[in-house]
Structure formats: structure tokens, C-alpha cells
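In what follows, every chain begins at residue 1, and chains take the letters A, B, ... in the order their sequences are listed.
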Amino acid sequence: MTRITDIFSEQVYAVVEQIPFGKVLSYKSVAILAGYPRHSRLVGYALRHVPSNRLLPCHRVVTSSGRLVPYWTEQKELLYRERVEFTSRGYYVDMKRFAWQYNDL
DNA sequence: AGGTTGACTCACC
DNA sequence: TGGTGAGCCAACC
């Protein structure tokens with residue numbers, strides 16, 4: 001297939017695989033690092049369709065405001081296990097402290 | 001071929 | 001905080 005997301009998805013996966021334990025990245029940042037700055041929505045599409053056999057820490061990808069995936073209750077638990085902390089009301093990841101600073105590479 | 005749909009983001013209020 | 005509306009763009013009817 002020649003769908004753009006086939007190539008795109010591979011690059012997205014490659015980025016997500018590199019997110020360190022205990023850190024998160026926004027869809028937008030993943031899109032930028034994958035080389036497609038305006039395709040944050042497609043990152044969501046790609047991650048929603050990750051093959052089940054593929055081991056990928058996609059729970060470490062959140063919205064730019066730090067929100068979690070709606071209706072994916074397991075995600076918060078996974079992040080808890082990595083000692084990722086949330087804002088007082090618990091709706092947002094504390095991005096100030098837990099967003100991966102990939103600029104340091 | 002064209003409208004609808006998002007695991008999105010940003011600006012505003 | 002929280003809602004809305006516009007911009008985004010390929011997949012999917």
C-alpha cells in the first residue's frame with residue numbers, strides 16, 4: 001500500500017520508541033520529530049492503529065496540554081507506574097516536569 | 001468526487 | 001479551568 005501513513009507510521013513508531021521511561025511527548029512533538037510538523041492528527045491516527053504485536057510505549061504520548069486519551073483509563077495507571085505526576089485535579093500530566101526535552105539531544 | 005471523522009493544536013474569551 | 005471555533009489533513013465511507 002502506498003498510504004502516506006504507512007511510511008509515516010514507521011517514523012512515528014521510531015520516535016515513540018525513544019521516549020524515555022517516565023517522560024511524555026505531545027502528538028505535535030512526535031509529528032515534528034517524525035518530520036511532519038503539521039500532522040499531529042495523523043500521529044493520533046497512527047497510534048490508534050498500532051499492531052498489537054508491536055511493543056510501543058504509546059501511553060507516553062499525550063496532547064500538548066497534557067491531557068490523556070479519552071476512554072483509555074489504563075493509560076493513567078501506566079504513567080503512574082512510571083512516577084509521572086499530574087496536576088492537582090488529575091486531568092493533566094504535569095508537562096513542565098515530565099515532557100521529554102528532546103532539544104537536548 | 002466529496003462529505004465526515006478524528007488518540008490534535010491554537011487563539012480567544 | 002473550560003468551551004468554542006477555526007485550521008489541519010489523510011483515511012474512510
**Q** Taking ILVMFWY side chains as joined if any heavy atoms are under 4.5 angstrom apart, and letting links pass through other members, which residues group with A/Y92?
**A**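 Under the 4.5 Å side-chain rule, A/Y92 groups with A/Y91.
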**Q** Got a sec, which residues hit salt bridge (Lys or Arg N to Asp or Glu O under 4.0 Å) with A/E77, two or more places apart in sequence or on another chain?
**A**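 Salt bridge (Lys or Arg N to Asp or Glu O under 4.0 Å) check on A/E77 returns A/R81.
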**Q** With ILVMFWY side chains joined below 4.5 Å, transitively, what does A/F86's cluster contain besides itself?
**A**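 A/F86 clusters with A/V24, A/V62, A/L68, A/L79, A/Y80, A/V84, A/V93, A/M95, A/F98.
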**Q** Which residues pass the side chain to side chain contact (heavy atoms under 4.5 Å, CB included) test with A/F21, not counting sequence neighbours?
**A** A/R60, A/E82
**Q** Give, for atom CD1 of A/I19 and atom SG of A/C58, the distance between the pair rounded to the nearest 0.5 Å.
**A**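 Going from the CD1 atom of A/I19 to the SG atom of A/C58 covers 9.5 Å.
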**Q** Which pairs of donor and acceptor atoms, one on a side chain in residues 27-46 of chain A, lie under 3.5 Å apart (sequence neighbours left out)?
**A**
| from | atom 1 | to | atom 2 | distance (Å) |
| --- | --- | --- | --- | --- |
| A/S29 | OG | A/S26 | OG | 3.0 |
| A/Y36 | OH | A/Q11 | NE2 | 3.4 |

**Q** Mind listing the residues from residues 22-40 of chain A sitting with a heavy atom below 4.0 Å of DNA chain C? Number order is fine.
**A** A/R38, A/H39
**Q** Could you work out, with salt bridge (Lys or Arg N to Asp or Glu O under 4.0 Å) as the rule, every residue matching A/R97, not counting sequence neighbours?
**A**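 Only A/E85, A/D94 meet the salt bridge (Lys or Arg N to Asp or Glu O under 4.0 Å) criterion with A/R97.
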**Q** Taking DNA chain B as the partner, which of residues 41-53 of chain A come within under 4.0 angstrom of it by heavy atom?
**A** A/R41, A/G44, A/L47, A/R48
**Q** If you take any heavy atom closer than 4.0 Å to DNA chain B, which residues from residues 68-84 of chain A end up in contact?
**A** A/V69, A/W72
**Q** Are A/L47 and A/L56 side-chain neighbours, meaning at least one heavy-atom pair lies under 4.5 Å?
**A** yes
**Q** Output all residues satisfying ring pair (Phe, Tyr, Trp, His ring centres under 6.0 Å) with A/Y13, sequence neighbours left out; order by chain, then residue number.
**A**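 With sequence neighbours excluded, A/Y13 shows a ring pair (Phe, Tyr, Trp, His ring centres under 6.0 Å) to no residue whatsoever.
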**Q** First and last nucleotide of DNA chain B in contact with chain A, 5' to 3', at under 4.0 Å to a heavy atom: what are they?
**A** B/dG6 to B/dC10
**Q** Return the residues of residues 90-97 of chain A meeting this criterion: a heavy atom under 4.0 Å from some atom of DNA chain B. Order them by number, or give none.
**A** none
**Q** Should we say atom CZ of A/R83 is surrounded by more than 12 heavy atoms from elsewhere, each under 6.0 Å from it?
**A** no
